[in-house]
Amino acid sequence: MAIFDRDVGRVVVRVVYTGPPGAGKSTNVRMLADSLRARRHGEMISPGSNDAGTEFFDWLEIDGGLVLGHPIHCQLVTTPGASALGKRRQLVIESADALVLVLEASVQGVAEGRAFLEKHSLRGSGTPLVVQMNEHDSEGTLDLGEVRLRLELDESVSIVAARAREGMGVRETVVLAMRHAAVLAQSAVLARGGIEGISATAETAAMLHGRLQGLGESIPPPRPPDVPLPSPEVGVGGIWPSTTGRDIVRRALAAGVCVQRHDLVGQHGLADGSGASDTIILQAGSYCLKTSPRRRFPTLEAARDALVRSARLKRMLGKLLPEDTVLCLAPDADDGAWLWTVAPWLSTLRSRMLRGDEDEEAALGALRDFATAAVDSMLLASRYQVILDVHPSNFAFDGKHIVYVDDDVTIGANHPALGYALIQRIEESARAPRRIQAYLDALEREMASRLHREDIEKLGLPRALEDVVIRVPSARESVERLRAIVGAKT
Ligand SMILES: Nc1nc2c(ncn2[C@@H]2O[C@H](COP(=O)(O)OP(=O)(O)OP(=O)(O)O)[C@@H](O)[C@H]2O)c(=O)[nH]1
Ligand SMILES: [Mg+2]
């Protein structure tokens, strides 16, 4: 999309820095803004961005090189990394004459890079690509040949090692990308019969900002500054279990930084996350801290009552309660208090299922575990009237047992969503017959050995399965098998 801007007599090209959140895209452009003072036009701009990351883009204009005798004016533009801003990212990627994929140079960073390349179809897309492996301070950096193999990139893609924050590799990266953009611009000029053939008005930062705003995306608001964190010093009645709770909260907070995980919120059914979009999830080292405005109470007394109720429900989970789970109150400045759950950070069944693209065994194991979790939930519901939200993002394997990591526990006589929860896994895997097989085999085994006929009847399961509307036609046969498994018990 290189163009010739007749007003300024320059060829305008765009180099787009993209990649997963926090990889160092903005740092690259910031370093260039500092080091290329003589060649840049204006300041770097970053509308709406803050410490938590880029909200729209960073923008810097610099001069560099010639295309068929015409000077080049290059727009360096970054994309947001946040998963909630995928449309913005895609739109900016599509406007690139050359792309720089910035990745963290660790095993995890490369795995994220693979997923990113696939998600945005960046291999062989026609837009030239440079990959920058940004070292951060990570140990276990991979060599570049190994990176190329893991990312499945051919030799046409340059891979540059960098430490963006120290400025290392930053210039080399931009030079390579600009050279690619210039070659593309030259081909466009030749194909269009001369420089006038690509004459157009260049998009400005304000125009791009307007286009991105038009997409209507937003990131969930950050934790309001007035939400207090749980404290091990909270008074009597403010923590459960009272014996071990304080130590666990102390350990969780000792990790120092709490990172808010917006990416896990409000994506029930789509990704590894909690269903409610107002949940506040913080990661503190190897602990997870959760609360929400629904768990803020106007008085300390009301909060203490809620803590007692919640603790009673948690106790009913038995083995499904993750070890070291703590409920803790955090009084706020307005005489109210927030109820926090502190628990070990566990990778949910949902996240293991999503890893299935790379690791089929992970997906199969997670589906088998989900079958166990579903039968655990049925037992709780039929024998103790304890109703869980049966979704793979609410369960995890803690190394010993399947555990329930959500706070949503209610008491009730029936479990209306159970049929749908069972069928949804089949529909999701409709194109992976091995996964459906593993799931149904596990369900059949678990149900045969652990559930009685009365349990199935009490839950009204056959009826619940009949009532679910099948949305994926190819799943129909497997749903019939599920119905038969349940039917065999009645
Ligand atoms: N130690 C170290 N930290 C780095 C390096 N490059 C970037 N960082 C840090 O990583 C964090 C994220 O960097 P950004 O440049 O904001 O990352 P980004 O890719 O723009 O992130 P999003 O806009 O959220 O997608 C910042 O705190 C940087 O200072 C590096 O080479 N070494
Ligand atoms: Mg950024």
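In each ligand, atom 1 is the first atom listed, and ligand 1 is the first ligand listed. Numbers here are sequence positions counted from 1.
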Quiz item: Counting both backbone and side chain atoms, is some N or O of Ala82 under 3.5 Å from an N or O of ligand 1?
Solution: no

Exercise. Decide whether an N or O pair under 3.5 Å exists between Thr54 and ligand 1.
Key: yes

Practice problem: Can you sort out which atoms of ligand 1 are near Gly53, meaning under 4.0 Å from one of its heavy atoms? | Solution: 23 (O), 24 (O)

Self-check item: Best match, Gly24, Pro80, Ala162: closest heavy atom to atom 17 (O) of ligand 1
Solution: Gly24

Quiz item: Which of the numbered atoms in ligand 1 are below 4.0 angstrom from a heavy atom of Lys25?
Solution: 15 (O), 17 (O), 18 (P), 19 (O), 20 (O), 21 (O), 22 (P), 25 (O)

Self-check item: Thr54 OG1 and Ser26 OG subtending at the Mg ion (ligand 2) (10° steps)
Solution: 90°

Self-check item: Side-chain donor or acceptor of Thr291 paired with backbone N/O of Leu339 under 3.5 Å
Solution: yes

Practice problem: For the pair Arg10 (side chain) and Pro71 (backbone), establish whether a donor and an acceptor sit closer than 3.5 Å, ignoring hydrogens and angles. | Solution: no

Self-check item: Under 3.5 Å: N/O of Thr79 near N/O of ligand 1
Solution: no

Quiz item: Is there a nitrogen or oxygen of Gly22 sitting under 3.5 Å from a nitrogen or oxygen of ligand 1?
Solution: yes

Quiz item: Purely on distance, is any nitrogen or oxygen of Glu135 under 3.5 Å from one on ligand 1?
Solution: no

Self-check item: Beyond-backbone contact of Val189 with Gln186, side-chain heavy atoms, under 4.5 angstrom
Solution: no

Quiz item: Quick one: does Glu146's side chain get under 4.5 Å of Val110's, heavy atoms only?
Solution: no

Quiz item: Tell me, do Asn28 and Gln132 make a side-chain contact under 4.5 Å, heavy atoms counted?
Solution: yes

Quiz item: Is there a side-chain contact between Arg295 and Asp407, using heavy atoms and a 4.5 Å cut-off?
Solution: yes

Quiz prompt | Check: Arg425 side chain, Tyr439 main-chain N or O, donor-acceptor pair, under 3.5 Å | solution = no

Exercise. Kindly check if the number of other-residue, nucleotide or ligand heavy atoms within 6.0 Å of CZ (Arg192) is above 12?
Key: no

Exercise. Consider ligand 1: state whether an atom of it lies below 4.0 angstrom from any non-hydrogen atom of Asn134.
Key: yes

Practice problem: Measure the distances from the heavy atoms of Arg163 to every atom of ligand 1 and state whether one is below 4.0 angstrom. | Solution: yes

Exercise. Looking only at distances, please establish whether an N/O atom of ligand 1 is found under 3.5 Å from an N/O atom of Gly19.
Key: no

